[in-house]
Amino acid sequence: MRITRRRAQVTLGLLWLLAGALQLQPFMFTTGFAHRIIAPAGDQQPAVVAGPVHWAARLIATAPLPLDLLFAATQLLLGAALVLAHSARRVRLALGASIAWALAVWWLGEGLGGLTSAHALMLTGGPGAVVLYAVVALALWPARPPASGGLPGDAAVRTEPADGLRTGWLTWSWVVLWVGAAVLQALPGNGALQAVAGSADSAPAWLRPAGAHTVSALAAGGTAVTIALVAAQALIGLAALRPRLRPPAAGAAVALSLVFWVLGQSLGGLSTGQATDPNAAPLYVLLALLLAATAPRAARAAPGVPAGREAAVARPVAPAHRSG
């Protein structure tokens with residue numbers, strides 16, 4: 001069963017609701033949220049990125065309680081609007097607000113996901129979970145209704161492989177995200193060993209043994225694993241350019257994203273009391289399901305159209321040759 005655009009919109013809304021609920025954790029109402037979550041996002045960044053992030057951290061530290069309530073309420077409202085919207089107009093308003101809020105948080109709260117430092121690895125959640133909310137929202141933007149006309153039953157016969165999804169945006173954003181991840185993974189200092197070792201420290205107690213075993217294994221063959229990750233991410237990204245390869249690429253992406261979520265993102269740190277979202281992996285899984293939905297599929301016959309005639313209805317007929 002393919003994911004539909006509406007189901008994906010509801011899923012995005014549920015992710016916003018989760019982010020809003022996480023914003024109501026006791027830690028978020030203290031200055032620790034500003035000093036330990038927001039401010040570090042600007043460290044080792046160029047001034048154009050670090051300046052706005054540190055300004056936002058100082059502002060939040062002056063009034064953490066009312067500002068955090070504002071952040072939580074915004075995200076809860078975005079989630080509720082997406083889940084409850086029943087018209088294209090309301091969906092567009094909710095998606096538009098999601099995009100604006102996500103980009104603002106990505107800049108002021110996540111320091112553009114660390115991209116300017118060249119250490120934004122997909123393994124650890126790069127390029128930042130919140131920007132993926134905007135990527136998904138753009139893919140789910142409702143299209144304008146098609147112009148009326150055509151043969152009776154044509155709307156039912158015509159293939160709709162993507163359920164109104166913006167296939168071009170999905171394809172190229174997928175390529176940029178995954179091929180870009182491969183490029184960043186290949187840069188010096190971005191080995192898998194360092195990334196997993198750093199994540200293991202913040203993992204839940206029950207997950208730390210798995211992290212420790214993974215770190216030990218990577219210590220023996222970390223370079224080979226990094227090369228394999230670079231190749232896998234590049235291939236997953238480029239496969240989206242061939243529609244028939246999108247389902248297997250999406251399947252590989254889901255599997256790899258879940259591995260990343262466990263080993264590189266510590267399940268989003270949800271058990272720490274300081275997580276602001278479940279991290280990037282769930283968004284990558286949602287994007288993978290959407291990409292798979294853009295793969296071509298056979299057209300279905302319209303009611304009242306005899307079997308075998310749907311292809312004739314959908315296929316243009318060449319004009320008959322008439323002798324002079």
Side-chain angles (χ1 to χ4, degrees), residues 18-72 74-75 101-134 180-181 184-185 187-204 207-208 211 215 260-261 263-283:
L18 174 59
L22 291 172
Q23 205 66 48
L24 295 174
Q25 297 174 105
F27 172 80
M28 303 301 179
F29 295 103
T30 70
T31 56
F33 173 55
H35 297 314
R36 295 170 57 184
I37 304 296
I38 302 298
D43 295 345
Q44 299 180 346
Q45 299 261 43
V48 68
V49 177
V53 171
H54 291 150
W55 169 82
R58 289 192 299 270
L59 178 64
I60 294 170
T62 61
L65 177 60
L67 287 176
D68 189 65
L69 285 173
L70 175 63
F71 301 154
T74 299
Q75 294 175 160
W101 180 255
L103 293 179
V105 173
W106 189 52
W107 179 32
L108 298 174
E110 291 190 351
L112 303 183
L115 282 177
T116 56
S117 69
H119 294 301
L121 302 184
M122 185 180 287
L123 172 60
T124 53
V130 72
V131 73
L132 298 179
Y133 285 75
L184 289 171
Q185 187 73 66
L187 294 178
N190 285 349
L193 173 60
Q194 298 94 317
V196 174
S199 175
D201 295 336
S202 60
L207 192 55
R208 287 174 190 166
V215 169
F260 287 173
W261 198 41
L263 297 179
Q265 300 167 32
S266 301
L267 301 178
L270 295 175
S271 64
T272 64
Q274 300 179 19
T276 57
D277 53 55
N279 215 315
L283 277 301

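Fair warning: this is a prediction, and the values are worked out from it, not measured in the lab. When reading the values below, keep in mind they use all heavy atoms of this one structure, side chains included, and skip hydrogens, waters and symmetry mates.
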Passes side-chain contact (heavy atoms from CB on, under 4.5 Å), L69 versus L24? Steps please.
CA-CA 7 Å; L69 285 173; L24 295 174; 4.3 Å; yes

Please walk me through it: do F33 and F71 pass side-chain contact (heavy atoms from CB on, under 4.5 Å)?
CA-CA 12 Å; F33 173 55; F71 301 154; 4.1 Å; yes

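Atom CG of N279 and atom CG of L267 lie 10.0 Å apart (nearest 0.5 Å). Note: T62 OG1 to L67 CG = 6.0 Å, rounded to the nearest 0.5 Å. How far CZ of F29 is from CG of D68: 4.5 Å, rounded to the nearest 0.5 Å. Note that CZ of F27 is 4.5 Å distant from CZ of R36, once rounded to the nearest 0.5 Å. From T276, atom OG1 reaches atom CG of L18 across 10.0 Å, with rounding to the nearest 0.5 Å. The distance from the CG atom of L121 to the CD atom of Q265 is 10.5 Å, given to the nearest 0.5 Å.
In plain terms, the two heavy atoms of P64 and A61 that are nearest each other are CD-O, 3.5 Å. Here the closest non-hydrogen pair linking A47 and P52 is O-CD, 3.9 Å. When all heavy atoms are compared, the tightest approach of L283 to A129 is CG-O, 4.3 Å. Heavy atoms only, all atoms of each residue included: A34 and A57 are closest at CB-O, 3.3 Å. Heavy-atom minimum distance, A181 versus M122: CB-CE, 3.5 Å. Smallest separation of non-hydrogen atoms from V53 and A39: CG1-O, 4.2 Å.
D277 is not listed as a side-chain neighbour of Q75, based on a closest heavy-atom distance of 4.5 Å or more.
Checked against ring pair (Phe, Tyr, Trp, His ring centres under 6.0 Å), Y133 has the following partners two or more places apart in sequence or in another chain: W16.
Without hydrogens or angle criteria, S266 side chain to G268 main chain gives no donor-acceptor distance under 3.5 Å. Between the W261 side chain and the P278 main chain, a donor and an acceptor come within less than 3.5 Å of each other. Put simply, the side chain of Q45 gets close to the backbone of G111: a donor and an acceptor are under 3.5 Å apart. A donor-acceptor pair is defined here as one N or O able to donate and one able to accept, closer than 3.5 Å; such a pair exists between the side chain of Q25 and the backbone of L22. Using modelled atom types, one side-chain atom of W106 and one backbone atom of P127 make a donor-acceptor pair closer than 3.5 Å.
For the residue pair S117 / Q44, no side-chain donor-acceptor distance below 3.5 Å is found, with atom types taken as modelled.
The number of heavy-atom neighbours closer than 6.0 Å to CH2 of W107, taken from other residues, nucleotides and ligands shown, is 12 or below.
If you run side-chain contact (heavy atoms from CB on, under 4.5 Å) between E110 and each of L115, I38, V130, V49, only V130 comes through.
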